[in-house]
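Here is the structure we will look at, set down as structure tokens.
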Amino acid sequence: MDFVKSIMSDLNRNLAVSKPSLFEMEQSGDYTYRTKDGSVIDIGKEQFEVLWNICDDSERLRLRVPIYVSTDVSGEVSAWKVEGKIEATVVAKLLGKPIFRDDRVRLYNPDLKKLKSLIPDAYMVVFTP
């Protein structure tokens with residue numbers, strides 16, 4: 001199991017160390033976040049506006065970027081998931097998908113492709129065991 005955790009840790013070295021809210025980004029005019037490996041990811045004004053326009057005021061205050069998409073091995077077919085009440089709600093609205101539970105939306109490869117076309121730099125794939 002330690003070996004698996006070690007591999008997962010390597011896969012996740014690009015995780016964000018700063019996750020600003022949409023409101024914070026709008027106030028500062030800085031549409032970036034930083035990752036563990038030292039990279040600065042710029043989501044740009046266009047991706048920011050996609051998220052800003054789909055969110056209500058409460059979601060703008062609480063949604064933090066990047067949105068994590070993780071592996072979902074809970075079903076018979078492998079898939080992806082977005083967890084968190086705000087994150088799941090926003091992604092469900094973006095993709096026109098139902099929410100699986102209050103705090104989770106399940107995604108399949110076509111959904112991930114669509115998400116990538118809408119907000120390629122504002123989400124991040126996270127691998128979990």
Side-chain angles (χ1 to χ4, degrees):
M1 188 63 161
D2 288 336
F3 176 70
V4 171
K5 285 182 182 178
S6 170
I7 290 173
M8 292 299 166
S9 176
D10 274 351
L11 291 173
N12 292 327
R13 70 177 173 263
N14 65 333
L15 290 179
V17 292
S18 67
K19 286 186 71 169
S21 71
L22 290 182
F23 183 76
E24 291 167 342
M25 287 180 153
E26 196 268 336
Q27 292 294 300
S28 69
D30 181 7
Y31 307 110
T32 65
Y33 61 89
R34 285 151 186 69
T35 64
K36 281 184 179 181
D37 67 6
S39 301
V40 176
I41 309 299
D42 185 354
I43 70 166
K45 184 78 170 163
E46 185 177 300
Q47 291 175 64
F48 169 81
E49 287 181 355
V50 167
L51 290 168
W52 184 266
N53 292 333
I54 202 136
C55 291
D56 64 26
D57 287 341
S58 173
E59 292 164 343
R60 290 174 185 147
L61 286 169
R62 296 174 27 204
L63 180 67
R64 298 194 170 274
V65 176
I67 297 168
Y68 288 147
V69 175
S70 60
T71 51
D72 184 357
V73 294
S74 65
E76 291 181 22
V77 178
S78 62
W80 304 94
K81 63 185 173 187
V82 174
E83 294 183 299
K85 187 166 182 62
I86 300 302
E87 294 84 353
T89 300
V90 170
V91 169
K93 285 196 280 187
L94 275 172
L95 300 177
K97 294 205 47 101
I99 294 190
F100 186 67
R101 294 188 321 225
D102 261 357
D103 63 346
R104 183 171 158 206
V105 64
R106 194 159 209 223
L107 309 176
Y108 298 95
N109 286 336
D111 302 317
L112 203 55
K113 183 179 178 182
K114 185 175 179 183
L115 191 63
K116 185 174 183 149
S117 74
L118 293 169
I119 55 167
D121 302 305
Y123 82 95
M124 184 175 285
V125 174
V126 178
F127 296 93
T128 55

field: Student check: side-chain heavy atoms of V91 and V69 closer than 4.5 Å
entry: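 When only atoms from C-beta onward are counted, V69 and V91 do not touch, as no gap falls below 4.5 Å.
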
field: Note, I67 side chain near L51 side chain (heavy atom, < 4.5 Å)
entry: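 SC-SC contact between I67 and L51 confirmed.
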
task: State plainly whether one hydrophobic cluster holds both L15 and Y123, where clusters connect Ile, Leu, Val, Met, Phe, Trp and Tyr through side-chain heavy atoms under 4.5 angstrom apart.
output: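 In one cluster: yes.
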
query: Under 4.5 Å between side-chain heavy atoms, hopping through other hydrophobics if needed: is there a path connecting L63 to I99?
result: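 Different clusters: L63 never reaches I99 through Ile, Leu, Val, Met, Phe, Trp or Tyr contacts under 4.5 Å.
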
List the residues meeting side-chain hydrogen bond (donor to acceptor under 3.5 Å, both in side chains) with [X], not counting sequence neighbours, and say none if there are none.
X   : answer
D42 : none
S58 : R62
S39 : D37
D56 : none

message: Tell me every residue that passes side chain to side chain contact (heavy atoms under 4.5 Å, CB included) with V40, counting only those two or more places apart in sequence or in another chain.
response: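 For V40, the residues satisfying side chain to side chain contact (heavy atoms under 4.5 Å, CB included) (neighbours in sequence not counted) are T32, R34.
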
Salt bridge (Lys or Arg N to Asp or Glu O under 4.0 Å) partners for [X], two or more places apart:
X   : result
E26 : none
K93 : E59
E49 : K45
D30 : none

Show the nearest heavy-atom pair for residues [X] and [Y], with the distance to one decimal.
X    : Y    : answer
A16  : M124 : N-SD, 3.8 Å
E87  : E83  : CB-O, 3.7 Å
Y33  : S18  : CB-O, 3.4 Å
V105 : A92  : CG2-CB, 4.3 Å
K81  : T71  : CE-O, 3.4 Å

task: Please answer whether the main-chain N or O of V17 pairs with a side-chain N or O of K36 as donor and acceptor at a distance below 3.5 Å.
output: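 Side chain of K36 to backbone of V17: no pair is present.
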
- prompt: Does the R60 side chain pair with the main chain of C55, one donor and one acceptor, at a distance under 3.5 Å?
  reply: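 Yes.
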
message: Per the ring pair (Phe, Tyr, Trp, His ring centres under 6.0 Å) rule, what does the pair list look like for residues 42-67, sequence neighbours excluded?
response: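 Matches after skipping sequence neighbours: Y31-F48, F48-W52.
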
query: In the hydrophobic cluster built from side-chain contacts under 4.5 Å, what are the other members alongside F23?
result: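 Its cluster mates, by chain and number, are L61.
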
Identify each donor-acceptor pair in which a side-chain atom of residues 109-122 lies under 3.5 Å from a protein atom, sequence neighbours left out, and give them as a table.
unit_1, atom_1, unit_2, atom_2, d
N109, OD1, W80, NE1, 3.1
D111, OD2, K97, NZ, 3.2
D111, OD2, Y108, N, 2.8
S117, OG, K114, O, 2.7
D121, OD2, Q47, NE2, 2.9

